[in-house]
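Worksheet for the structure shown next.
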Number of protein chains: 4
Amino acid sequence: MHNGTSAKRTGRPRSADADHAILEATRAALVELGWGKLTMGDVATRAGVAKTTLYRRWAGKNELVVDAVAVLFDELELPDRGSLQADIEDVVLQFAALLALPEARTALMAVVAESTHDDALRLRIREAIVDRQKRLVVLGRRRAQDRGELPPDEPSQGPDGTDAATQIDLIFDVIAGAVVHRTLVSGEPVDPTWARTFTTLLLGGLAAIR
Amino acid sequence: MHNGTSAKRTGRPRSADADHAILEATRAALVELGWGKLTMGDVATRAGVAKTTLYRRWAGKNELVVDAVAVLFDELELPDRGSLQADIEDVVLQFAALLALPEARTALMAVVAESTHDDALRLRIREAIVDRQKRLVVLGRRRAQDRGELPPDEPSQGPDGTDAATQIDLIFDVIAGAVVHRTLVSGEPVDPTWARTFTTLLLGGLAAIR
Amino acid sequence: MHNGTSAKRTGRPRSADADHAILEATRAALVELGWGKLTMGDVATRAGVAKTTLYRRWAGKNELVVDAVAVLFDELELPDRGSLQADIEDVVLQFAALLALPEARTALMAVVAESTHDDALRLRIREAIVDRQKRLVVLGRRRAQDRGELPPDEPSQGPDGTDAATQIDLIFDVIAGAVVHRTLVSGEPVDPTWARTFTTLLLGGLAAIR
Amino acid sequence: MHNGTSAKRTGRPRSADADHAILEATRAALVELGWGKLTMGDVATRAGVAKTTLYRRWAGKNELVVDAVAVLFDELELPDRGSLQADIEDVVLQFAALLALPEARTALMAVVAESTHDDALRLRIREAIVDRQKRLVVLGRRRAQDRGELPPDEPSQGPDGTDAATQIDLIFDVIAGAVVHRTLVSGEPVDPTWARTFTTLLLGGLAAIR
DNA sequence: AGGTAAGCGAGACGGTACGTCGTGTCTTGGT
DNA sequence: ACCAAGACACGACGTACCGTCTCGCTTACCT
C-alpha cells in the first residue's frame, strides 16, 4: 500500500486500526458526499482520527481514495463456468455490480480524471486497479485456450495487431470500456440480457480478427 | 445552452462577447491547470470578466466546463468513405484525436464523475455531449443499411436485445467506451492500426448478434 | 440641497416625487438596518426607483444620509418660556427627543465618523445640521440679554475666551456634547430632572466665566 | 478581552504574538484608511496573519476596532496638580490629545454609531472605553473632597439629582461630551485657553447644583 | 406638431470585500 | 515515535454592494 516492508524500530508503532477506520470512513464519505465534496478533515473526523494521521500515511485525497477503492476490485473473481461465453458474462456482471456501488462509481472516474495530469497517480491506479482487472482477461483467455475455444498464441507477427499482448489489451479495453460507458455515461443498467448480447458480440468479433 | 428562448425585455442585455471569452478562457485554463486546479476566479480573470458574470450564467464549475467542452464534440463528423469499416475507423480516429486534447481528457472524466451524484448535471452532459456523439452511430448505421452492408431494421422482437435502439446503444457504448478506456485508463494511443483491428472486431461481432 | 440655483433648460426635469420617496426610504432603512447595513440598492428598491436615479442626485451614502437626516434638525425650535433656564431645558429635551429617533441616533454619529477624513462631508454636515442647531444658542442668548438675564456683549477682550463668538461656541459644545454623550455613549435617558440639573449647572457656570 | 479564564487543554495554543500584531495593524490601518476603508483582509495582511486568525478572535470589524482602540484610553491618567481646577484642565487636555490621534477620532465615532443597534457592542464599548474614562472622574472627585474643594457625599436625597452617582455621571457626560463635540463636530482645537474657560464653567456650575 | 435632450426603471457589468471552508503544516500535551 | 486536538498561512469559494454602463421607454421644453 504505502509502506511495503517497513523496518520501523523505535517509538510508538502505527495503529493498524487507524488504517482500516480511515479507509472505511473514506468509502462512507464517498457514498454520502461523492468525490467533489469529500474532504480530508471530514474523513479524519469520521474515522475518529487526527488529520495529521491521514497525512502521515497518504499524500492527499487522490492517493487515499485510490487505496480506499482498490480493495473493492480485489473481490472480482473468474469462476469457471465451463465456457468462455459464460465466463465473460459472469465477469461483466461482476464488474457492473461493482460499478453500481456509489463509492466505486464516483471515485473511479474522479481519480482517472485527476490522473490525466499526474503521472504518479496514473501509475498508482494502474497497479491498484487496472492490472487487477486485466489479470482476469489473461486468465480467462488462457483457460479458453486450454479448452480449445481459442487458438494458442502465435509468435509475434508484425504490425497487424494480432499478437497476444495486443489482443489482451484490446479485449480488456472493450470489456471494461463498454461496461463503464454504459453504466456511467449512458446511465443504463447492465443486466444479464445486455451481458449476453455484448459477450456474443465480443466473441464474434474475436473470431473475426484472427 | 443556458438560456433558451427568453422573452426578457428590460435592462441591459447580456454580453455575447462575455460568453465567448469565458468559454475560451475555460478551455485555456483546463489545458494549463486541469480540472482540479481550475478556479472560477482564474477563468474570470483570463476572460477579462467579473466573477459575478460567470455565476450569472453558470451555476458552478461543472456546468461551465460541460458547456466549454461541448463545442469540441460538435466538430465530429461522419465522412462517407465508401464502406462501413472505413467510416467507423474514421470516427474512431476523430474521437481519439479529440481525447488527445488536454482540455477534453481531463474535463470529460471529471464531469462524468461529478454527474454520478448530480442528476441535473448528468442530463446536461447527455444533451451537450453524449447525444451529439450518438447521432454519428445512428447516421452511420442507416448509411450502411442503405449500402446493404447491414440488414434493415426488423420490428421489435422482444427481450433478446436485437431491436434497433438497443443495438445502437450497444454499438455506441462499445465504440466510445473502448476508445475512452484505451486513451484515458490504459493510457495507450489510438492509432490507425488499433482502429482497424478494433473496427474489424466490432463488425465481426455485429454479424454475430444478428 | 444638492442642486442650488439650477440653470437647467432642456430635457425631462427631475422628479420631485422621487426625491421625497428616496429620503423617506433612507430614513426607513436607517431605522431598520442602521448605518452599517444600509445599502444604496436597498434604498432604491424601497423608494421604487432605479439606483441610477439616486446617483444622479447624491454622490454616495454619506451625502444621502446627511440630507435625509438634516430635515429632522429643522424641527428644533426655541419657544419663549419666559426664562433662560426654562428655554434651555426645553431645547435640551427637544434635542434629546430627536436623538431618541433611531434614524437620527445612528446616522449622526456615523456621518461624523466619516467626516473625520472627508472635508467636503464635514462642510456639508456643518451647513445642514450643526449650524441649524447653533442658531438656537445664538437666539436664546440674545433673548436672555434682552431680558437682562445675561449681560450684553462686550467688545472683544483678547485671549481670555470671553468674547461673544467664543462663548457661543462653548455653550453650544457643552449643551450638544452633554446631551449626545449621555444619550449615545452613556446610554442613559435625558428626562426633565436631568435637563433641570444640567441647565442649572450650565447657568451657574456661565456666571462664573464672566 | 475576548477570552476570559478559559480552561482549554488540548491543541495548539493561540499565538499571543498574533494578537499584538493584529491590534497594531488595526491601528495603523485606521490611521491610513479610516474606519470606512479599513478591511479585515488588509489588517490580516499587515499583521502577517491569515484572515481566519482574525475571525477566530473577533466577530467582526466593530469588535476588533474597539479592542484596538481601547488600549489608548488606558494611557489617560489623573496627575495630582494640587487643585481640582488644574486636575480637570489636565485631563481635558489629555483627552483632547487622544482625540487628535486619527485612529481614535474615526474609530470612536464609528463604533458608537454601530452600537446604536448592537447591544453587545455597546456593552463592549462601555467596558473597554467608557468605564476606563469614568474612573478618572470618580478619582478626581474623591481627591477634591479630601482637599476640601468639594463637600463630602451626602446620603441619597431623592429625585433631585444630587446624589453621588448621578453627579458623577453628569460631570462625566459634560466633560467628555464637550471635548468630543468640540473636537469632532465643531472641528475646533482644544487648547489650554479653552480648557481653562471650560473648567471654570464646570466648577462654577458644580457649585450651583449643590 | 416634432424634435431632442434629459430623466427614468431595469438589470448587466468590472470590481472589491466579505465571511467561510478546505488544505497541508505546525505546535501543544499526553500516551 | 505516535497520537488527538486544534491553531496556523494560504487560497478559493459563492455572495453582496459598489458605482457605471447600456438598453428601451417616457416626459417636458424649444423651436
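Side chains included, hydrogens not; waters and symmetry mates left out as well; all remaining heavy atoms used. So you know, we letter chains A, B, ... as the sequences are listed, proteins then strands, and number each from 1.
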Short side-chain N/O contact from [X] to OP1 or OP2 of [N], under 4.0 Å:
{"X": "D:Arg57", "N": "F:dC8", "result": "yes"}
{"X": "D:Arg56", "N": "E:dC21", "result": "no"}
{"X": "C:Thr39", "N": "F:dA16", "result": "no"}

Restricting to nitrogen or oxygen on both sides, can you table the protein-nucleotides 22-28 of chain F pairs closer than 3.5 Å?
| residue | atom | partner | partner atom | Å |
| --- | --- | --- | --- | --- |
| F:dT26 | O2 | C:Arg12 | NH1 | 2.8 |

Nearest whole Å is fine: how far is [N] [atom2] from [X] [atom1]?
{"X": "B:Arg46", "N": "F:dA12", "atom1": "CZ", "atom2": "P", "value": "12 Å"}
{"X": "B:Glu63", "N": "F:dG14", "atom1": "CD", "atom2": "P", "value": "10 Å"}
{"X": "C:Leu38", "N": "F:dG19", "atom1": "CG", "atom2": "P", "value": "12 Å"}
{"X": "A:Leu54", "N": "E:dC26", "atom1": "CG", "atom2": "C1'", "value": "17 Å"}
{"X": "B:His20", "N": "E:dC13", "atom1": "NE2", "atom2": "P", "value": "13 Å"}
{"X": "C:Asp42", "N": "F:dA16", "atom1": "CG", "atom2": "C1'", "value": "12 Å"}
{"X": "A:Lys37", "N": "F:dC13", "atom1": "NZ", "atom2": "P", "value": "12 Å"}
{"X": "D:Asp17", "N": "F:dA7", "atom1": "CG", "atom2": "C1'", "value": "13 Å"}

Would you say A:Lys37's side chain and A:Glu32's backbone share a donor-acceptor pair under 3.5 angstrom?
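It does not hold such a pair.
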
_Under 3.5 Å donor-acceptor, B:Lys51 side chain and B:Met40 backbone_ =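 Side chain of B:Lys51 to backbone of B:Met40: no pair is present.
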
Worksheet entry | Residues D:Arg57, D:Asp19; criterion salt bridge (charged side-chain N to carboxylate O under 4.0 Å, His left out); working and verdict | CA-CA 8 Å; D:Arg57 292 163 160 78; D:Asp19 280 67; 2.7 Å; yes

| message | Working note: B:Leu38 + B:Thr26, criterion side chain to side chain contact (heavy atoms under 4.5 Å, CB included); need CA distance, chi angles, decisive distance, verdict. | response | CA-CA 8 Å; B:Leu38 179 148; B:Thr26 304; 4.3 Å; yes

* Which residue lies toward the 5' end of DNA chain F, B:Gly41 or C:Ala59, if each is placed at its nearest nucleotide? ->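 Comparing both residues, the 5'-ward one is B:Gly41.
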
Quiz item: DNA chain F: B:Lys61 or A:Ala50, which has the more 5' nearest nucleotide?
Solution: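 By nearest-heavy-atom nucleotide position, the 5'-most residue is A:Ala50.
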
Using side chain to side chain contact (heavy atoms under 4.5 Å, CB included), reason through A:Ile129 and A:Leu72 one step at a time and then give a plain yes or no. CA-CA 9 Å; A:Ile129 297 180; A:Leu72 299 175; over 6 Å; no

Practice prompt. Go through the N and O atoms of the side chain of B:Lys51 and the base of E:dG15, and report whether any donor-acceptor pair is under 3.5 Å.
Written response: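 No.
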
C:Ala16 or D:Met40, whichever maps to the more 5' nucleotide of DNA chain E
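Whichever sits nearer the 5' end wins; that is C:Ala16.
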
Practice prompt. For C:Ala18 and for B:Ala18, locate the closest nucleotide of DNA chain E by heavy-atom distance; then report the residue assigned to the nucleotide nearer the 5' terminus.
Written response: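 Going by which nucleotide is closer to the 5' end, it is C:Ala18.
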
Counting only side-chain heavy atoms from C-beta out, which of F:dC13, F:dC8, F:dG19 sits nearest to D:Arg14?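 The closest nucleotide is F:dC8.
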
* Compare the minimum distances between each of F:dA4, E:dT25, E:dC8 and the side chain of A:Tyr55, then state the nucleotide with the smallest one. =>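 Of the options given, the side chain of A:Tyr55 lies nearest E:dT25.
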
Margin query: Using a heavy-atom cut-off of 4.0 Å across all strands, would you classify B:Gly60 as base, sugar-phosphate, or nothing?
Written below: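 Since no nucleic acid heavy atom lies under 4.0 Å of B:Gly60, the category is nothing.
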
- Task: Rounded to the nearest 0.5 Å, what's the gap from CH2 on D:Trp35 to NZ on D:Lys61? Could you check?
- Result: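 Answer for the CH2-NZ pair, D:Trp35 versus D:Lys61, is 5.5 Å.
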
Original post:
For C:Val65, which of C:Leu23, C:Leu30, C:Leu108 qualifies under side-chain contact (heavy atoms from CB on, under 4.5 Å)?
Top reply: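 By the side-chain contact (heavy atoms from CB on, under 4.5 Å) criterion, C:Val65 pairs with just one of C:Leu23, C:Leu30, C:Leu108: C:Leu30.
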
All heavy atoms of D:Arg27 vs all of D:Glu103, minimum pair found to be O-CB, 3.9 Å

